[in-house]
Structure formats: C-alpha cells, structure tokens
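Below is one structure, written out as structure tokens, with a few remarks after it.
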Amino acid sequence: MSLDQQTELSPDEVHAVLTRHETGVLSLAKADEPYAIPISYGYNPETDCFYLRLVSTPESEKRQFLTSSPSARLVVHEADGDSYRSIIADGTLERVSPDDLTVERIVQYGDAKRPLFEIWGETKRNLDIQLFELTPDTLSGREVELDPETHDT
C-alpha cells in the first residue's frame, strides 16, 4: 500500500469533521500510565471547546484518572473511500462544577449523544456523572489519500 498524498487540514476542514461526528477516543495520562476510552462529545467550533459527560463507578479505572485535571488527547477520525481524516486535540481536561453551570453552558452538553444513564451492573447511586470541558492547547488534522492503483481492496 502506497500513500499518494498526506495533507494538513485547514481550520475550517477540522471544524467540519468535528461537527460531523460525535464520538472519538479520549486518552488520559497520569504519571507514566495511559488510559483511553471511547466517548461521545459536544463541540463548539466558535471556541474549539469539547463538552464531555463522563460516567464512572467508585472503583473504576476511569474515576482514578479523572480525580485531577489530567493531560488529555481526543482523537476523532473518519474514512471515506480512499481518504482518511484524523483530528487530534491536546489539552487539559477540566471538570465543570455544578455551581458554574449556566443555561448556555448546559446546552453545549446536549450535543454529547451519550445517554445520561447507561446500563451498568452497579446501582445508579454508585454512578458518578461529571461534566468536563476540553479546550485544546493544540488542534490539528490531516488527511491521507491512498493511491487507488496500489491500494489493496
């Protein structure tokens, strides 16, 4: 398989991919330990802010990583025929206090399609539902076009 072309996406193209999708993979880091999970997100292209509603249980690995403001990377990708696009957002995941919620802020979480309660083996009182925001320090995207002449189908 030969790569025909790899190009950087423009900011408008990055916004288009992010608004077209609602899921990605969130990777967190704590010391030398990585943790990655599929998530649903809301996205505001005017502020480049991602809105996440994360559910965890008391003993979960996820909750251990969310106890501080961890370094985070969100990856969103798509494939269309011989074209592949990926977006990478790097920054710090910030927990939003219920005291800081406004109607305008809550609306942003409506774009996160993940249901408020999922089917868990735990009772609902053991679930911790927290709101987070990720305003990336860096946001970039690239597109790779495969040469259809040399690409195995």
Side-chain angles (χ1 to χ4, degrees), residues 1-30 34-57 60-120 124 127-148 151 153:
M1 171 172 32
S2 152
L3 295 180
D4 185 33
Q5 181 178 311
Q6 179 172 298
T7 58
E8 187 93 13
L9 294 177
S10 71
D12 287 342
E13 291 169 319
V14 167
H15 297 312
V17 172
L18 293 173
T19 54
R20 229 182 350 257
H21 296 281
E22 60 194 37
T23 61
V25 176
L26 179 68
S27 298
L28 306 174
K30 184 173 67 171
Y35 179 72
I37 52 172
I39 54 97
S40 176
Y41 64 86
Y43 174 69
N44 182 337
E46 293 174 15
T47 61
D48 283 337
C49 188
F50 294 87
Y51 301 88
L52 312 170
R53 185 173 50 228
L54 302 177
V55 181
S56 62
T57 59
S60 72
E61 189 175 16
K62 184 190 308 180
R63 188 172 295 180
Q64 293 172 24
F65 276 85
L66 294 174
T67 56
S68 62
S69 295
S71 295
R73 174 173 285 171
L74 177 62
V75 178
V76 177
H77 61 90
E78 68 180 5
D80 181 19
D82 290 325
S83 296
Y84 298 88
R85 286 168 289 286
S86 61
I87 310 299
I88 297 175
D90 283 315
T92 302
L93 194 62
E94 298 290 340
R95 185 173 184 271
V96 176
S97 167
D99 296 337
D100 294 333
L101 290 176
T102 62
V103 172
E104 294 79 18
R105 207 170 193 180
I106 291 170
V107 167
Q108 299 296 325
Y109 289 93
D111 291 334
K113 304 298 190 250
R114 181 183 194 134
L116 188 54
F117 287 103
E118 298 176 353
I119 299 173
W120 290 75
K124 287 183 183 177
L127 295 180
D128 188 16
I129 302 167
Q130 296 180 344
L131 302 178
F132 291 87
E133 292 179 3
L134 174 62
T135 302
D137 298 324
T138 61
L139 181 63
S140 62
R142 78 173 66 165
E143 180 174 34
V144 174
E145 296 265 348
L146 297 178
D147 181 353
H151 179 241
T153 55

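These numbers come from a predicted model, not from an experiment. By convention here, the first residue in the shown sequence is residue 1.
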**Prompt:** In Å, rounded to the nearest 0.5 Å, how long is the span from CD of Glu61 to OH of Tyr35?
**Reply:** 5.5 Å
**Message:** With a 4.5 Å cut-off on side-chain heavy atoms, are Leu52 and Glu133 touching?
**Reply:** no
**Prompt:** Between Tyr43 and His21, do the side chains contain an N or O donor and an N or O acceptor separated by less than 3.5 Å?
**Reply:** no
**Request:** Could you tell me the separation between the CG atom of Leu28 and the CG atom of Leu93, rounded to the nearest 0.5 Å?
**Result:** 6.0 Å
**Message:** Can you confirm whether Tyr51 sits close enough to Val96 that some side-chain heavy atom of one is under 4.5 Å from a side-chain heavy atom of the other?
**Reply:** no
**Request:** Output, in order, the C-alpha distance, side-chain angles, deciding distance and verdict of salt bridge (Lys or Arg N to Asp or Glu O under 4.0 Å) for Glu143 and Arg85.
**Result:** CA-CA 4 Å; Glu143 180 174 34; Arg85 286 168 289 286; 2.7 Å; yes
**Request:** Give the minimum heavy-atom separation between Pro45 and Thr19, together with the two atoms involved.
**Result:** CG-CG2, 4.0 Å
**Fill in**
Heavy atoms of Asp137 and Gly91 approach each other most closely as OD2-CA, 3.7 Å
**Euclidean distance, Leu146 CG relative to Gln6 CD, rounded to 0.5 Å** = 10.5 Å
**Asked** Less than 4.5 Å apart, any side-chain heavy atom of Thr23 and any of Ile39?
**Response** no
**Prompt:** Do Glu145 and Ser83 have side-chain atoms, one donor and one acceptor, less than 3.5 Å apart?
**Reply:** yes
**Request:** To the nearest 0.5 angstrom, please state how far the OG1 atom of Thr92 sits from the CG atom of Leu134.
**Result:** 8.0 Å
**Asked** With a 4.5 Å limit on heavy-atom distance, are the side chains of Leu18 and Val76 in contact?
**Response** yes
